[in-house]
Amino acid sequence: MTAGEPLQRVRIYLSERDSAEGQPLYLIALDRLRREGASGATALRGIAGFGAGHRLRTAGIADFSQHTPIIIEWLDRAERVARVLPALDDLLGEALITIEDIRAYRAALRSGGPFGSRSIADVSRGDILTVPPDLPLAAALDRLARARQPLLAVVDGQRLTGILVPEDAGRFGVMPLEALAELDDAERSASLARLALRPVRDAMREPRAIYIESPLAHTVNLLIEWGLDALPVTDNEGRLVGVFGVDQALRAALDGECASGHVRNAEPPPPVSLIMQMLVPTASAGADAAAVLLQTLQSAARTVVLMNGFYPTGVVSVSEATRRVREPLRSAWIAALMGDRSPLATLAAASSGGTTADDLAAAPALIPSHASEYDAIRILIEGEKQYLVVVDSEGRLAGMVTRRGLMRALAQEG
């Protein structure tokens with residue numbers, strides 16, 4: 001919240017005797033507000049007053065067992081109040097609830113981390129690729145590869161029944177989807193032929209989803225804990241309404257950083273040198289292409305940085321190599337992507353010297369080690385990159401920073 005935003009104060013009037021599910025109603029209402037993504041609310045006990053019966057009541061020791069009034073006060077942005085308050089109708093159907101428009105004189109908040117008090121509804125992506133469960137798996141993976149999305153939602157009508165993620169391709173002997181997207185139509189059809197008529201329902205995962213009003217910081221931690229790049233987003237009726245993933249998390253942090261003038265006591269953003277991974281697979285730019293392709297498949301990030309001495313000159317990745325490689329190396333490379341590395345290993349052992357790793361590389365996206373994490377996020381988003389090569393003050397290789405690495409660092413700050 002900032003001083004310039006339209007704010008509202010909601011007051012919910014209850015009695016200490018009101019209960020639901022065996023618990024005090026005010027505690028359940030507070031928990032519901034928290035789950036729905038309210039910025040914050042406080043339950044206040046009345047100490048004295050009278051109601052319609054004009055009987056004066058006080059909250060002395062002898063009166064604690066009486067109808068002591070409880071007021072829940074909730075201050076939030078007007079659009080969030082409009083979105084969240086209806087979710088309490090079933091719980092507070094008979095309670096008096098008031099709403100007031102207020103003006104904030106000062107709204108400089110203590111830092112809530114890079115994500116603050118925002119919910120998934122504030123940042124989720126509304127468009128999401130969906131398929132029915134009876135669609136052939138080959139067609140679904142082809143669609144996921146071409147769309148370059150982090151997941152494919154499987155829906156039956158409006159009900160989310162499962163998901164497919166790019167990692168699922170390997171379970172059925174299909175090459176990494178970033179490579180599949182770079183093949184021509186004939187090559188793509190041949191690589192998917194082994195799936196025959198297997199339907200999506202045979203391959204889809206359990207539909208883990210996140211509620212649209214879930215706190216942003218909590219959801220980022222779930223992505224890290226579950227090892228996922230994205231989660232489908234559902235509303236309070238279980239309907240699919242969007243997707244939230246690494247990209248949305250980074251964009252949300254960047255948006256929050258731009259508005260940090262309203263936040264106090266925030267730590268300065270850490271430099272890239274504290275976030276980067278220092279163990280980076282490297283090879284000489286003039287090395288044999290087949291050998292470097294094998295090295296690329298063996299590396300955890302499926303990426304190799306090409307070097308001229310201490311200085312990075314290029315990057316060989318699975319997608320870039322698939323886009324650039326030509327025969328006779330291309331057939332061996334496609335076979336290796338499908339699981340048979342023997343033809344590629346034979347070419348690597350021959351060391352013909354015809355094609356070098358530099359022929360398969362893209363120019364590296366560089367960032368200095370002293371740059372901040374927000375500089376890295378901005379370059380990744382604007383350049384649509386998955387990783388950046390970090391260099392020191394003299395341009396020598398220092399490490400690599402990835403999207404997931406940045407998201408993990410942001411989660412730790414929160």
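This is a predicted model, so every value here is computed, not measured. Numbering of residues begins at 1 and proceeds along the displayed sequence.
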| Taking atom CZ of Phe310 as the centre, does the number of heavy atoms from other residues, nucleotides or ligands within less than 6.0 Å exceed 12? | no
| message | Quick one: does any side-chain atom of Arg188 pair with a main-chain N or O of Leu183 as donor and acceptor, under 3.5 Å? | response | yes
| task | Decide yes or no on side chain to side chain contact (heavy atoms under 4.5 Å, CB included) for Glu100 and Gln8, but give the supporting numbers first. | result | CA-CA 5 Å; Glu100 305 166 71; Gln8 290 184 330; over 6 Å; no
| Pro114 side chain near Tyr374 side chain, heavy-atom distance below 4.5 Å | yes
| said: Which heavy atom of Ala365 sits nearest to which heavy atom of Tyr387, and what is that distance? | reply: CB-O, 4.4 Å
| request: Kindly check if the number of other-residue, nucleotide or ligand heavy atoms within 6.0 Å of CG (Leu279) is above 12? | output: no
| Contact summary for Pro166 and Leu177, nearest pair of heavy atoms | CA-CD1, 3.7 Å
| Where the side chain of Arg171 meets the backbone of Ala203, is there a donor-acceptor pair that is under 3.5 Å apart? | yes
| request: For the pair Arg205 and Asp168, find out whether any cationic side-chain nitrogen is under 4.0 Å from an anionic carboxylate oxygen. | output: yes
| message | How long is the straight-line distance from CG of Asp247 back to CD of Gln386, given to the nearest 0.5 Å? | response | 8.5 Å
| task | Would you please say whether a donor-acceptor pair under 3.5 Å links the side chains of Ser15 and Asp18? | result | no
| Got a donor-acceptor contact below 3.5 angstrom from the Ser299 side chain to the Arg302 backbone? | yes
| task | Would you indicate whether the side-chain heavy atoms of Val318 and Thr296 approach each other to under 4.5 Å? | result | yes
| task | Check step by step if salt bridge (charged side-chain N to carboxylate O under 4.0 Å, His left out) holds for Arg251 and Asp255. | result | CA-CA 6 Å; Arg251 290 177 183 273; Asp255 291 343; over 6 Å; no
| query | Can you tell me how far CD1 of Ile70 sits from CD1 of Ile12, rounded to the nearest 0.5 angstrom? | reply | 12.5 Å
| message | Tell me whether Glu213 is salt-bridged to Arg80, with the criterion being a basic N under 4.0 Å from an acidic carboxylate O. | response | no
| query | Is Asp392 reaching over with its side chain to a backbone N or O of Gly395, donor-acceptor style, under 3.5 angstrom? | reply | yes
| field | Close side-chain approach of Leu254 and Arg378, heavy atoms under 4.5 Å | value | yes
| said: Taking side chain to side chain donor-acceptor pair (under 3.5 Å) as the criterion, tell me which of Gln149, Arg404, Arg403 meets it with Asp229. | reply: Arg404
| Where do Val390 and Pro368 come nearest, in terms of heavy atoms and distance? | CG1-C, 4.2 Å
| query | Could you state the interatomic distance from CG (Leu294) to CH2 (Trp333), rounded to the nearest 0.5 Å? | reply | 8.5 Å
| field | Val154 backbone acceptor or donor facing Thr161 side chain under 3.5 Å | value | yes
Do any side-chain atoms of residues 217-226 form donor-acceptor pairs under 3.5 angstrom with protein atoms, and if so which ones, sequence neighbours left out?
| unit_1 | atom_1 | unit_2 | atom_2 | d |
| --- | --- | --- | --- | --- |
| Thr219 | OG1 | Pro215 | O | 3.0 |
| Asn221 | ND2 | Ala217 | O | 3.3 |

| said: Taking the side chain as everything from C-beta on, heavy atoms only, tell me whether Leu33 gets closer than 4.5 Å to Ile72. | reply: yes
| Whether Asp89 side chain and Gly93 backbone form a donor-acceptor pair below 3.5 Å | no
| Considering only heavy atoms from C-beta outward, does the side chain of Val315 approach that of Val389 to under 4.5 Å? | yes
| message | Just so I know, are the side chains of Asp122 and Glu79 near enough to count as touching, which here means a heavy-atom distance under 4.5 Å? | response | yes
| request: For the pair Asp184 (side chain) and Glu187 (backbone), establish whether a donor and an acceptor sit closer than 3.5 Å, ignoring hydrogens and angles. | output: yes
| task | Before giving the answer on side chain to side chain contact (heavy atoms under 4.5 Å, CB included), spell out for Val155 and Leu240 the whole-Å C-alpha distance, their side-chain angles and the decisive distance to 0.1 Å. | result | CA-CA 8 Å; Val155 296; Leu240 182 68; 3.9 Å; yes
| request: Please report the closest heavy-atom contact between Leu144 and Val165, naming both atoms and the distance. | output: CD2-C, 4.0 Å
| said: Can you give me the closest heavy-atom contact between Ala285 and Thr313, atom names plus distance? | reply: CB-OG1, 3.7 Å
| task | Could you please spell out the steps behind the side chain to side chain contact (heavy atoms under 4.5 Å, CB included) verdict for Met204 and Leu152? | result | CA-CA 9 Å; Met204 66 185 187; Leu152 187 68; over 6 Å; no
| query | Any donor-acceptor pair under 3.5 Å linking the side chain of Thr303 with the backbone of Ala301? | reply | yes
| Could Arg83 and Asp76 be called an ion pair, given the rule that one side-chain N must be under 4.0 Å from one carboxylate O? | no
| said: What's the separation between atom CD1 in Ile163 and atom CZ in Arg208, rounded to the nearest 0.5 Å? | reply: 8.5 Å
| said: Quick check for you: to the nearest 0.5 Å, what is the distance between Glu73 atom CD and Arg9 atom CZ? | reply: 5.0 Å
| query | Which atoms form the tightest heavy-atom contact between Ser284 and Leu306, and what is the distance? | reply | O-CD2, 4.0 Å
| said: So does Thr282 get a backbone contact from the side chain of Gln295, meaning a donor-acceptor N/O pair under 3.5 Å? | reply: yes
| query | Counting N and O atoms only, with roles assigned by atom type, does the side chain of Gln248 sit under 3.5 Å from a partner on the main chain of Gly245, one being a donor and the other an acceptor? | reply | yes
| query | Does the pair Asp90/Arg32 count as a salt bridge with the N-to-O cut at 4.0 Å? | reply | yes
| request: State whether the number of non-hydrogen atoms from other residues, nucleotides or ligands found under 6.0 Å of Leu197 atom CG is greater than 12. | output: no
| message | Would you say that Ile212 contacts Thr234 through its side chain, given a criterion of any heavy-atom pair below 4.5 Å between the two side chains? | response | no
| note | dist Glu384:CD -> Leu380:CG (nearest 0.5 Å) comes out at 11.0 Å
| Do Val243 and Pro232 come within less than 4.5 Å of each other through their side chains, counting heavy atoms only? | no
| request: Before giving the answer on side chain to side chain contact (heavy atoms under 4.5 Å, CB included), spell out for Leu195 and Phe172 the whole-Å C-alpha distance, their side-chain angles and the decisive distance to 0.1 Å. | output: CA-CA 7 Å; Leu195 297 181; Phe172 296 92; 3.6 Å; yes
| message | Between Arg330 and Glu327, does any side-chain N to carboxylate O distance fall below 4.0 Å? | response | no
